Visitor: 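Mind looking over this structure? Questions follow.
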Amino acid sequence: MELALIRTKYPDGTNGEFRYEGNLICYAIELPWLLNRRNVSCIPDGRYRLLSRYTPKHKLHLCVADVTGRSGILLHPANNAKRELLGCIAPVLELTGPGQGRQSRLANEILKSLVLPVIHSEEVWLTITAKTSETLNEQKHEHS
């Protein structure tokens with residue numbers, strides 16, 4: 001399974017779109033890009049393996065493996081990146097500003113319902129890229 005996270009970085013936060021086979025699944029919020037510094041920055045663009053993991057705090061959740069210089073990058077609910085994230089990625093159903101969104105718990109469940117049924121039988125990859133003018137043109141055609 002190949003998921004895409006296409007994102008735009010702003011000084012106050014990073015916003016993105018989770019896509020599967022070209023279709024929008026939900027949005028994402030992250031911290032701003034601060035040179036991949038632990039706990040204060042989003043992770044670099046790249047291709048990463050997603051794994052499932054269980055912790056008492058986040059229960060069954062997804063995590064991003066093999067991020068250079070970082071560990072413990074989770075996908076978990078949050079509606080305000082600066083207040084609630086330490087470098088992780090939060091799915092949201094609606095973007096409300098840079099690094100801010102709404103309905104994160106529901107978005108997280110939607111993403112998990114797509115990925116968890118296959119994660120033990122096939123590799124799941126997340127490719128993170130910056131939004132380009134080409135991406136913007138594709139989205140205009142989607143909405144017209």
Side-chain angles (χ1 to χ4, degrees), residues 1-119 124-144:
M1 175 180 276
E2 296 276 345
L3 296 175
L5 177 55
I6 304 160
R7 62 190 188 179
T8 304
K9 297 173 186 141
Y10 301 99
D12 290 331
T14 301
N15 293 349
E17 300 175 351
F18 276 107
R19 291 186 168 266
Y20 175 61
E21 295 181 341
N23 298 310
L24 179 67
I25 305 304
C26 61
Y27 297 99
I29 60 169
E30 298 173 77
L31 291 168
W33 173 249
L34 294 171
L35 305 174
N36 197 32
R37 295 199 330 254
R38 294 177 82 78
N39 299 328
V40 297
S41 177
C42 61
I43 62 174
D45 291 358
R47 187 171 184 257
Y48 304 99
R49 179 115 183 249
L50 290 183
L51 304 172
S52 64
R53 191 177 87 158
Y54 181 90
T55 63
K57 180 179 180 182
H58 294 292
K59 309 294 183 227
L60 185 60
H61 60 275
L62 299 169
C63 58
V64 183
D66 302 321
V67 178
T68 303
R70 304 273 291 276
S71 62
I73 307 298
L74 313 180
L75 276 68
H76 69 81
N79 291 306
N80 184 305
K82 284 193 169 181
R83 284 202 305 253
E84 301 173 82
L85 298 179
L86 295 172
C88 297
I89 303 169
V92 295
L93 285 187
E94 180 184 351
L95 296 168
T96 60
Q100 296 179 45
R102 287 195 185 108
Q103 295 188 289
S104 188
R105 288 189 196 289
L106 183 55
N108 192 54
E109 291 304 315
I110 290 168
L111 193 59
K112 287 191 325 186
S113 71
L114 175 69
V115 174
L116 289 176
V118 302
I119 202 158
V124 178
W125 293 91
L126 176 64
T127 299
I128 301 174
T129 57
K131 185 174 276 192
T132 63
S133 58
E134 188 175 294
T135 317
L136 293 171
N137 288 334
E138 287 172 14
Q139 290 165 356
K140 282 180 191 166
H141 293 299
E142 263 181 26
H143 298 297
S144 47

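Positions are given from 1 along the sequence. Remember, it's a predicted structure, so these values are computed and weren't measured experimentally.
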Visitor: Can you list the residues that meet the side chain to side chain contact (heavy atoms under 4.5 Å, CB included) rule with Tyr10, with sequence neighbours excluded?
Guide: Thr8, Asn15, Pro98
Visitor: Do Pro44 and Ile128 have side-chain heavy atoms sitting under 4.5 Å apart?
Guide: no
Visitor: For Glu2, give me all partners under side-chain hydrogen bond (donor to acceptor under 3.5 Å, both in side chains), at least two apart in sequence or on another chain.
Guide: Arg47
Visitor: Which atoms form the tightest heavy-atom contact between Ala28 and Leu95, and what is the distance?
Guide: O-CD2, 3.7 Å
Visitor: How would you list all residue pairs meeting salt bridge (Lys or Arg N to Asp or Glu O under 4.0 Å) that involve residues 77-88, not counting sequence neighbours?
Guide: Asp12-Lys82
Visitor: Under the rule for side chain to side chain contact (heavy atoms under 4.5 Å, CB included), what residues qualify as partners of Leu116, not counting sequence neighbours?
Guide: Ser52, Leu60, Leu62, Lys112, Ile119
Visitor: Roughly how far, to the nearest 0.5 Å, is the OG atom of Ser104 from the CG atom of Asn79?
Guide: 5.0 Å
Visitor: Rounded to the nearest 0.5 Å, what separation is found between the CG atom of Leu5 and the CD1 atom of Ile25?
Guide: 12.0 Å
Visitor: Mind jotting down which residue pairs meet the ring pair (Phe, Tyr, Trp, His ring centres under 6.0 Å) criterion with at least one end in residues 79-114? Sequence neighbours excluded, please.
Guide: none
Visitor: Which pairs, with at least one residue in residues 90-101 and sequence neighbours excluded, count as a side-chain hydrogen bond (donor to acceptor under 3.5 Å, both in side chains)?
Guide: Glu94-Arg102
Visitor: Quick one: pull up CG in Asn108 and CG in Leu75 and give me the separation to the nearest 0.5 Å.
Guide: 7.0 Å
Visitor: Per the salt bridge (Lys or Arg N to Asp or Glu O under 4.0 Å) rule, what does the pair list look like for residues 24-35, sequence neighbours excluded?
Guide: Arg7-Glu30
Visitor: Are any of the side-chain heavy atoms of Leu31 and Ser41 separated by less than 4.5 Å?
Guide: no
Visitor: In the structure I gave you, are the side-chain heavy atoms of Tyr27 and Pro91 within less than 4.5 Å of one another anywhere?
Guide: no
Visitor: Taking the side chain as every heavy atom from C-beta outward, state whether Arg38 and Ser71 have any pair of such atoms under 4.5 Å apart.
Guide: yes
Visitor: Rounded to the nearest 0.5 Å, what separation is found between the CD1 atom of Ile73 and the CD1 atom of Ile43?
Guide: 6.0 Å
Visitor: What residues form a side chain to side chain contact (heavy atoms under 4.5 Å, CB included) with Val40, not counting sequence neighbours?
Guide: Leu34, Arg37
Visitor: Output all residues satisfying side chain to side chain contact (heavy atoms under 4.5 Å, CB included) with Cys88, sequence neighbours left out; order by chain, then residue number.
Guide: Leu74, His76, Leu85
Visitor: Which residues satisfy the side-chain hydrogen bond (donor to acceptor under 3.5 Å, both in side chains) test with Arg53, sequence neighbours excluded?
Guide: His61
Visitor: Would you check if Ile110 and Gln103 make a side-chain contact, meaning some heavy-atom pair closer than 4.5 Å?
Guide: no
Visitor: Can you name the side-chain hydrogen bond (donor to acceptor under 3.5 Å, both in side chains) partners of Asn36, sequence neighbours left out?
Guide: Arg70
Visitor: Can you tell me how far CD1 of Ile89 sits from CZ of Phe18, rounded to the nearest 0.5 angstrom?
Guide: 5.0 Å
Visitor: So, do Lys59 and Tyr54 sit near enough that their side-chain heavy atoms are less than 4.5 Å apart?
Guide: yes
Visitor: Rounded at 0.5 Å granularity, tell me how far CG in Leu50 sits from CE in Met1.
Guide: 10.0 Å
